[in-house]
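I am attaching a structure below and will ask some questions about it afterwards.
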Amino acid sequence: MSETYEHAPTETVDVGGTKFAYRQLGPEMRVPVIALNHLGAVLDNWDPSVIDGIAAKRRVIAFDNQGIGASGGSTPTSVEAMARDAVAFIRALGLDQVDLFGFSLGGMVSQVIAQEEPQLVRKMVLAGTGPAGGEGIDKVTRITIREIVRGFLTFKDPKYYLFFTQTPNGRTAAREFLGRLKERKEDRDKRISPIAFRAQLKAIHAWGTQQPQDLSNVRQPALVANGDQDRMVPSSNTIDLARRLPNGRLVELYPDAGHGGVFQYHREFVPAVLEFLES
């Protein structure tokens with residue numbers, strides 16, 4: 001198995017007749033970490049500094065959910081259906097218990113998995129995400145489209161604006177993060193299709209307009225983190241999520257950091273994750 005995410009081969013598994021693409025690295029162990037990614041993301045959008053850092057001590061499996069990147073099928077328009085697809089993928093790998101690392105949309109999917117399949121989930125790391133009906137989540141589409149246009153006009157990746165603050169520190173972190181995403185030169189993933197992207201936006205909007213869920217039945221230990229200036233999923237949702245999860249713990253709202261705070265502060269975030277997962 002590869003020692004770095006940059007060189008991890010892309011594999012596939014059949015999930016009910018649909019091909020799912022994934023990459024894995026790190027030491028073999030019974031309970032791996034399943035990484036669930038953000039809006040518009042494919043396998044190449046995981047920060048290798050975070051994935052490699054966790055994989056130094058834990059087996060990490062990142063995958064394209066249905067209809068995303070190199071995976072087949074059609075992307076569903078609800079977080080709940082995405083969670084069911086993720087569970088089917090996990091079971092297709094022959095796993096009976098996992099830890100979840102959900103970032104943004106992936107954190108929403110992780111919450112549903114923990115509720116619907118509690119025996120499958122040992123622990124969760126939830127970053128840059130929020131509960132159903134959370135403050136401002138229904139505005140993700142408007143914010144995202146605006147920054148996509150801004151990125152087009154300024155010849156920058158939209159994540160430069162969406163994930164980071166526009167202070168000197170934030171801009172430096174954005175450039176470094178986007179540089180790391182380009183480290184992999186071969187066997188890169190397919191970009192997300194416009195149809196799949198729209199389906200994800202619909203799912204997030206529906207999540208944001210739902211009535212708040214009762215999270216008191218989510219008993220798994222959960223580590224929650226974000227930047228202190230997240231515009232996509234406002235940082236207040238991180239505090240709310242940690243408070244409402246019975247075994248939730250807020251590791252930090254990283255200062256002068258936006259939606260991608262855990263990538264900006266990967267040197268602090270990764271050790272906190274490993275300590276949490278190994279405790």
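Only heavy atoms go into these numbers, but all of them, side chains included; no hydrogens, no water, no symmetry mates.
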Test side-chain contact (heavy atoms from CB on, under 4.5 Å) applied to N226 and T238, I239, L126, the passing residue: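 Considering T238, I239, L126, a side-chain contact (heavy atoms from CB on, under 4.5 Å) with N226 is found only for T238.
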Donor-acceptor side-chain pairing of D214 and S216 below 3.5 angstrom: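 Per modelled atom types, D214 and S216 side chains form a pair under 3.5 Å.
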Backbone of G130 reached by a side-chain donor or acceptor of Q111 within 3.5 Å: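 Side chain of Q111 to backbone of G130, a donor-acceptor pair under 3.5 Å: yes, one is there.
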Heavy atoms of other groups near I145 CD1, more than 12 under 6.0 Å: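 Check passes, neighbour count above 12.
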Test item: N237 side-chain N/O and E135 main-chain N/O as donor-acceptor pair under 3.5 Å: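 Yes, because the side chain of N237 sits within donor-acceptor range (under 3.5 Å) of the backbone of E135.
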CD (E275) with more than 12 external heavy atoms under 6.0 Å: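 At most 12 heavy atoms, drawn from other residues, nucleotides or ligands, come within 6.0 Å of this atom.
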Stepwise side chain to side chain contact (heavy atoms under 4.5 Å, CB included) test for Q200 and L105: CA-CA 8 Å; Q200 288 185 331; L105 172 59; 3.8 Å; yes
Side chain to side chain contact (heavy atoms under 4.5 Å, CB included) assessment of L100 paired with I113: CA-CA 9 Å; L100 301 178; I113 296 174; 4.0 Å; yes
L39: which of L201, N45, I192 passes side-chain contact (heavy atoms from CB on, under 4.5 Å):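 For L39, the side-chain contact (heavy atoms from CB on, under 4.5 Å) check succeeds only for L201.
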Backbone N/O of Q66 and side chain of S71: donor-acceptor pair under 3.5 Å: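 Not a single qualifying donor-acceptor pair exists.
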Short side-chain donor-acceptor distance under 3.5 Å, T10 and D187: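 Yes - a donor-acceptor pair under 3.5 Å links their side chains.
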Charged N-O contact under 4.0 Å between R23 and D44: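 Yes, R23 and D44 are salt-bridged.
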Short side-chain donor-acceptor distance under 3.5 Å, Q211 and Q213: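 Distance-only check fails for Q213 and Q211.
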Any side-chain donor near an acceptor of the partner, Q229 and T165, under 3.5 Å: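 No, no side-chain donor-acceptor contact under 3.5 Å.
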Within-4.5 Å side-chain heavy-atom neighbours: W46 and R180: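 Sidechains of R180 and W46: no contact.
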Salt-bridge present (R58, D99; N to O < 4.0 Å):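 Answer for the salt bridge query: yes.
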Full working for side chain to side chain contact (heavy atoms under 4.5 Å, CB included) between V251 and F276: CA-CA 10 Å; V251 59; F276 168 72; over 6 Å; no
Side chain to side chain, E28 and R59, heavy atoms closer than 4.5 Å: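 Sidechains of R59 and E28: in contact.
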Side-chain donor-acceptor contact under 3.5 Å, S279 with K123: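 Present: a donor and an acceptor within the cut-off.
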Side-chain heavy atoms of R244 within contact of P212, under 4.5 Å: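 SC-SC contact between R244 and P212 confirmed.
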Check: L120 and R91 side chains under 4.5 Å, non-hydrogen atoms: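 Of all side-chain heavy-atom pairs linking L120 with R91, at least one is under 4.5 Å.
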Shared hydrophobic cluster, F101 / V31 (ILVMFWY, side-chain heavy atoms < 4.5 Å):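 Per the 4.5 Å side-chain linkage, F101 and V31 are not co-clustered.
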Check: R219 and P118 side chains under 4.5 Å, non-hydrogen atoms: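 No - every pair of side-chain heavy atoms lies 4.5 Å or more apart.
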Close side-chain approach of T144 to P158, heavy-atom, < 4.5 Å: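 SC-SC contact between T144 and P158 ruled out.
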Validation row: Q264, F163 side chains within 4.5 angstrom (heavy atoms):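 A side-chain contact under 4.5 Å is absent here.
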Ion pair check, R150 and E147, cut-off under 4.0 Å: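 Yes.
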Residue pair S78, Q210: steps toward the side chain to side chain contact (heavy atoms under 4.5 Å, CB included) verdict: CA-CA 11 Å; S78 75; Q210 285 182 31; over 6 Å; no
Geometric class of the F89/F20 ring pair [parallel <30°, tilted 30-60°, perpendicular >60°]: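 Geometry flag for F89 against F20: parallel rings.
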R191 atom CZ, over 12 foreign heavy atoms within 6.0 Å: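 It does not: R191 CZ has 12 such atoms or fewer within range.
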Close side-chain approach of T154 and Y160, heavy atoms under 4.5 Å: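 When only atoms from C-beta onward are counted, Y160 and T154 do not touch, as no gap falls below 4.5 Å.
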K202, NZ atom: more than 12 neighbouring heavy atoms under 6.0 Å: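 Open: at most 12 neighbouring heavy atoms sit under 6.0 Å from NZ of K202.
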Pair H259 + F103: ring centers closer than 6.0 Å: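 Yes.
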